[in-house]
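Computed over heavy atoms, backbone and side chain alike; hydrogens, waters and symmetry mates excluded. Since this is a predicted model, take the numbers as computed values, not measurements. Order of listing sets the numbers, starting from 1, for every ligand and every atom in it.
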Amino acid sequence: MNKTSLLCFLAVPMLFSQCDNSPKQESISSVIERGLAVSTEQALLMARELGDQEGRLPKTTAKDGTLETSDYSWWCSGFFPGELWYLYENNPSPELKKYAEMYTSRLEDVKHITYSHDVGFMLYCSYGNGYRLTQNPDYVDVMVTGANSLITRYNTQVGLIRSWDFNKDKWQYPVIIDNMMNLEFLVWASRITNDPEYLNIALSHADKTKEHHFRSDYSCYHVVSYDTITAEPHIKQTHQGFADESAWTRGQAWALYGYAMMARETGKKEYLDLAKNIAAYLMNHPAMPEDKVPYWDFDAPDIPHAKRDASAAAIIASALLDLSLQDKELGKTYQAYAADQIRSLTSPAYLAEPGTNNYFALMHSTGHLPGNSEVDVPLSYADYYYVEALMRLKNILGNS
Ligand code: GLY
């Protein structure tokens with residue numbers, strides 16, 4: 001027996017990992033810093049690349065492998081400016097601030113959009129984060145105008161914000177679970193204006209969604225369409241998932257995030273209880289892979305070969321971290337699960353090498369598989385929620 005083997009043989013178990021050949025696990029703080037460093041590098045490359053392309057914002061990688069962009073009117077327009085604001089919060093450099101402001105200003109016309117429910121996603125991620133960090137009063141005007149546009153889509157009889165205007169032959173009044181994500185913007189609007197109307201709309205929307213979107217196992221439908229006379233659902237189905245009765249993964253992620261956020265904002269126990277039940281559904285799901293980056297649909301027929309959705313993992317991680325601060329008993333469990341997801345996303349399996357991946361940070365998200373659109377690609381919202389999750393965990397660890 002040579003000297004090292006002898007030492008290992010005699011060593012107390014605590015030292016064993018230093019003696020076997022398994023690599024020591026990187027600390028979670030180092031994982032977070034690495035994730036933020038790569039995200040910053042990629043976001044700056046992206047910001048410089050699109051700087052001269054007036055009005056353009058990053059979206060995804062197109063089928064031919066090139067960068068696909070959008071103008072302000074695509075539902076994802078706010079994610080890149082929002083990501084830049086988070087990265088600026090982490091590292092307040094003049095260049096990050098310049099680009100965060102520049103890309104945020106590309107969204108100003110969103111404030112007049114009344115044809116879609118996504119105004120909350122668009123303006124709260126971009127202008128909302130910008131206002132949180134700079135208190136720029138000009139941002140308030142844009143956001144309050146935008147909130148007024150968004151609530152034109154609220155129907156008092158139905159008690160919900162209408163999501164989509166297409167497929168009118170089929171859906172009388174479609175509401176998708178994603179719409180929960182627009183409510184934080186309305187809660188903010190009530191606070192800043194002292195007008196309870198926005199909050200009341202958000203509460204009504206959250207209450208009715210809680211009543212009608214969920215199944216007994218706490219998974220949810222993607223689309224619920226309401227009868228405009230009875231205000232009761234007349235159709236429950238999917239649009240981006242595998243089947244009407246399947247659990248489309250990003251929909252479950254939006255639900256978790258939406259109710260964790262509404263519980264935080266309102267202190268209402270019924271929202272917290274629902275968020276905890278959704279979290280349990282996701283964390284204990286037999287189809288959740290070992291690395292905790294879910295397949296695009298929990299009922300995809302080709303599991304374990306089904307495509308993953310890194311965006312859903314990032315949204316779930318961020319939501320679990322929010323939830324962890326609201327529940328003493330399970331807080332550590334939620335944090336540990338989110339940390340595992342962040343560790344996976346920050347591994348070479350999902351995190352791009354700087355300079356590659358069309359300058360997005362994460363690979364392997366799925367936008368709309370049944371529509372053969374955005375399958376196994378980077379997506380601007382995957383990067384946004386990934387950076388948000390990194391920042392949330394960094395703050396939690398810094399304060400503990
Ligand atoms: N809100 C659209 C999506 O999640 O794909």
Worksheet entry | Closest protein heavy atom (residue, atom, distance) for atom 5 (O) of ligand 1 | R250 NH2, 2.6 Å

Discussion item. Can you confirm whether or not the ring centre of F214 sits under 6.0 Å from the ring centre of Y221?
Written reply: no

Fill in: Modelled atom types, side-chain donor and acceptor of R56 and Y72, under 3.5 Å
no

Practice prompt. State whether the shortest distance between N or O atoms of W75 and N or O atoms of ligand 1 falls below 3.5 angstrom.
Written response: no

Worksheet item: Any ion pair linking D327 and K276 (charged N to carboxylate O, less than 4.0 Å)?
Response: yes

Worksheet item: Just checking, any donor-acceptor pair under 3.5 angstrom between side chains of N91 and S93?
Response: no

Worksheet item: Any idea which atoms of ligand 1 are less than 4.0 Å away from a heavy-atom of Q240?
Response: 3 (C), 5 (O)

Worksheet entry | Shortest protein heavy-atom distance from atom 2 (C) of ligand 1, along with the residue and atom involved | D178 OD2, 3.1 Å

